[in-house]
*Asks:* 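Below is a structure I'd like to ask you about.
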Amino acid sequence: MNNDKTREYLKDIAELCIDGVQGYKDAAEKIDTPYLKSLFTTFAKEREGILNSINQELATLGAPAVTQGRTDGTALGSLHKIWLDFKSALSSDNTESILEECKRGEQYILDEMDDVLKNKTEMPISSAQVLQDARYTIWKRMETIENAEEVQS
């Protein structure tokens, strides 16, 4: 994989991180449970940290940072439906639905990262490491959401 392809993949993952940050902030505002409100606020901050790491790697590869308002990119088409479903869950005021949509969003970004990491031997080691670290953090968040679902049941 050349650096152009690596930059493209990193930008797509960064877009998903931006939507994750906003999604968790929205969820934290909507949810009434103090534990979940705190959890979602923490997740939003963690996702900002992942975005910062990806943007640092993009800078190393000579690419601009990905910020709010970016409208070009391959991930946006697929992301649109997930975002609409998430907004719908928030409007339903149903904790179970919100947790389910959070989990679905996390699974989506994990799947995207897995697709990119299949080619990790063809990308710079530093890029692969950034994505592997991010993937681990998101995977742990997925576990936390699943545990929160069990508590809510």
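For the numbers below, each heavy atom of this structure counts, side chains included, while hydrogens, waters and symmetry mates do not.
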*Asks:* In plain terms, say whether R135 and E112 are close enough for a salt bridge, that is, a side-chain N and a carboxylate O under 4.0 Å apart.
*Replies:* no
*Asks:* Using 0.5 Å steps for rounding, measure from the CD1 atom of I138 to the CG atom of L110.
*Replies:* 6.0 Å
*Asks:* Would you say K103 and E149 make side-chain contact, with heavy atoms under 4.5 Å?
*Replies:* yes
*Asks:* With heavy-atom distances below 4.5 Å as the criterion, would you say the side chains of T41 and Y24 are in contact?
*Replies:* no
*Asks:* Run the side-chain contact (heavy atoms from CB on, under 4.5 Å) test on T137 and R47 for me, step by step, so that the C-alpha distance in whole Å, both residues' side-chain angles and the decisive distance to 0.1 Å come before the verdict.
*Replies:* CA-CA 9 Å; T137 299; R47 195 58 52 90; over 6 Å; no
*Asks:* Working to the nearest 0.5 Å, report the span between OG1 of T95 and CD of E100.
*Replies:* 13.0 Å
*Asks:* Please find the pair of heavy atoms, one from M113 and one from A134, that lie closest to each other, and give the distance.
*Replies:* CE-CB, 3.5 Å
*Asks:* Side chains of I54 and C17, heavy atoms from C-beta outward: is any pair under 4.5 Å?
*Replies:* yes
*Asks:* How long is the span from the CD1 atom in I18 to the CD1 atom in I13, to the nearest 0.5 Å?
*Replies:* 12.0 Å
*Asks:* Check the pair I31 / F40 against side-chain contact (heavy atoms from CB on, under 4.5 Å), numbers first and verdict last.
*Replies:* CA-CA 9 Å; I31 205 94; F40 292 151; 4.2 Å; yes
*Asks:* Side chains of N147 and E143: donor-acceptor distance under 3.5 Å anywhere?
*Replies:* no
*Asks:* Considering non-hydrogen atoms only, spot the tightest contact between L61 and P124 and give its length.
*Replies:* CD2-CG, 4.0 Å
*Asks:* Hey, could you give me each pair passing salt bridge (charged side-chain N to carboxylate O under 4.0 Å, His left out) that has a residue in residues 36-46? Not counting sequence neighbours.
*Replies:* E46-R141
*Asks:* Please step through salt bridge (Lys or Arg N to Asp or Glu O under 4.0 Å) for the pair E101 and R104, ending with a clear verdict.
*Replies:* CA-CA 5 Å; E101 288 307 315; R104 196 163 76 100; 3.0 Å; yes
*Asks:* Would you say that M123 contacts V116 through its side chain, given a criterion of any heavy-atom pair below 4.5 Å between the two side chains?
*Replies:* yes
*Asks:* Evaluate I145 against M142 for side-chain contact (heavy atoms from CB on, under 4.5 Å), listing each step before the verdict.
*Replies:* CA-CA 5 Å; I145 293 167; M142 177 82 117; 5.5 Å; no
*Asks:* Return each pair, listed once, that meets ring pair (Phe, Tyr, Trp, His ring centres under 6.0 Å) where at least one residue sits in residues 118-145; pairs must be two or more places apart or across chains.
*Replies:* Y136-W139
*Asks:* Taking all non-hydrogen atoms of both residues, which atom of G62 and which atom of R7 are closest, and how far apart?
*Replies:* C-CD, 4.5 Å
*Asks:* Before giving the answer on side-chain hydrogen bond (donor to acceptor under 3.5 Å, both in side chains), spell out for D26 and Q22 the whole-Å C-alpha distance, their side-chain angles and the decisive distance to 0.1 Å.
*Replies:* CA-CA 6 Å; D26 289 348; Q22 190 57 52; 2.8 Å; yes
*Asks:* Given 3.5 Å as the limit, does a donor-acceptor pair link the side chain of N55 with the main chain of V66, or not?
*Replies:* yes
*Asks:* Hey, what do you get for CG (D111) to CD (Q107), rounding to the nearest 0.5 Å?
*Replies:* 4.5 Å
*Asks:* CG of D12 to CG of D115: how many Å apart, nearest 0.5 Å?
*Replies:* 11.0 Å
*Asks:* List the atom of P64, the atom of L58, and the distance in Å for their closest heavy-atom pair.
*Replies:* O-CD1, 3.9 Å
*Asks:* So does S38 get a backbone contact from the side chain of T42, meaning a donor-acceptor N/O pair under 3.5 Å?
*Replies:* yes
*Asks:* Give me the atom names and distance for the closest heavy-atom approach of A128 to L117.
*Replies:* O-CD2, 3.9 Å
*Asks:* Looking at every heavy atom in both A63 and K11, which two are closest together, and how far apart are they?
*Replies:* CB-CE, 4.0 Å
*Asks:* Working to the nearest 0.5 angstrom, can you tell me the gap between L99 CG and L36 CG?
*Replies:* 5.5 Å
*Asks:* For Y35, which residues count as a ring pair (Phe, Tyr, Trp, His ring centres under 6.0 Å) partner, sequence neighbours excluded?
*Replies:* none
*Asks:* Excluding sequence neighbours, so at least two apart, what forms salt bridge (charged side-chain N to carboxylate O under 4.0 Å, His left out) with D133?
*Replies:* none
*Asks:* What pairs with E57 under side chain to side chain donor-acceptor pair (under 3.5 Å), at least two apart in sequence or on another chain?
*Replies:* S126, S127
*Asks:* Output all residues satisfying side-chain contact (heavy atoms from CB on, under 4.5 Å) with Q56, sequence neighbours left out; order by chain, then residue number.
*Replies:* none
*Asks:* List the steps and the verdict of side-chain contact (heavy atoms from CB on, under 4.5 Å) for V21 and K25.
*Replies:* CA-CA 6 Å; V21 168; K25 285 180 178 179; 3.8 Å; yes
*Asks:* Quick one, L10 and L131 - any side-chain contact, counting heavy atoms below 4.5 Å?
*Replies:* yes
